[in-house]
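Below you'll find the structure, written out as structure tokens, and then a few comments.
Note that the coordinates shown come from a computational prediction; the quantities given were computed from them, not determined experimentally.
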Amino acid sequence: MTTRIEIRMTVMGLLLLGGCASKAGAGPATPSAPAGERATLSAAACTEKGGQVVGDIGDGAIHRPEYRCVSGLPPIADIRPSEGEPVAVEGSVCCPDAA
């Protein structure tokens with residue numbers, strides 16, 4: 001076998017194993033409202049309510065119904081920028097505190 005074929009086969013095997021491993025142990029999740037159906041808050045209102053603004057890292061995870069904050073709870077609301085505030089390109093959510 002050539003090195004190129006060996007590398008391709010290794011990558012395919014790792015991808016298959018990675019897909020199986022990520023599903024194993026994942027219990028049933030209670031879906032929250034998907035992005036766009038959640039309430040909206042400004043970043044200031046989120047922190048005033050004791051929440052934490054969490055931005056998306058670019059993979060769209062915060063927009064999925066099954067997304068959970070570090071606390072294990074679903075987001076309280078989507079963050080909408082107040083007038084004059086910068087707009088997060090990937091979006092942000094308001095997460096409840098872990099307390």
Side-chain angles (χ1 to χ4, degrees):
M1 254 195 267
T2 67
T3 305
R4 179 178 268 165
I5 292 173
E6 289 174 6
I7 292 172
R8 285 183 182 173
M9 290 180 68
T10 302
V11 169
M12 290 296 291
L14 289 173
L15 288 172
L16 288 171
L17 287 174
C20 293
S22 67
K23 292 180 183 179
T30 309
S32 66
E37 293 180 18
R38 293 184 195 126
T40 59
L41 290 173
S42 66
C46 174
T47 54
E48 286 170 10
K49 291 181 179 260
Q52 179 181 0
V53 177
V54 176
D56 188 66
I57 62 170
D59 64 356
I62 66 168
H63 303 294
R64 296 184 189 123
E66 68 274 6
Y67 177 75
R68 293 292 178 263
C69 299
V70 174
S71 64
L73 299 170
I76 299 169
D78 291 330
I79 298 296
R80 64 168 158 62
S82 296
E83 191 169 328
E85 281 185 334
V87 176
V89 175
E90 303 296 338
S92 300
V93 292
C94 181
C95 284
D97 227 356

Point to revise | With sequence neighbours excluded, residues passing side chain to side chain contact (heavy atoms under 4.5 Å, CB included) with Ala61 | key: Asp56, Asp59, Arg64, Tyr67
**Study point:** Taking every non-hydrogen atom, the tightest pair across Cys69 and Pro74
**Key:** SG-C, 4.1 Å
Side chains of residues 86-96: which donor-acceptor pairs under 3.5 Å do they make with residues two or more places apart or in other chains?
none

Output side-chain donor-acceptor pairs under 3.5 Å for residues 41-51, partner residues at least two apart or in another chain, one line each.
unit_1	atom_1	unit_2	atom_2	d
Ser42	OG	Ala45	N	3.1
Thr47	OG1	Ala43	O	3.4
Thr47	OG1	Ala44	O	3.0

Point to revise | Counterpart residues, side chain to side chain contact (heavy atoms under 4.5 Å, CB included), relative to Thr40 (two or more places apart) | key: Asp78, Arg80
Revision key, fill the gap. Apart from Ile79 itself, its cluster of hydrophobic side chains linked below 4.5 Å comprises Val53
Point to revise | Whichever hydrophobic residues join Ile57 through chains of side-chain contacts under 4.5 Å | key: none
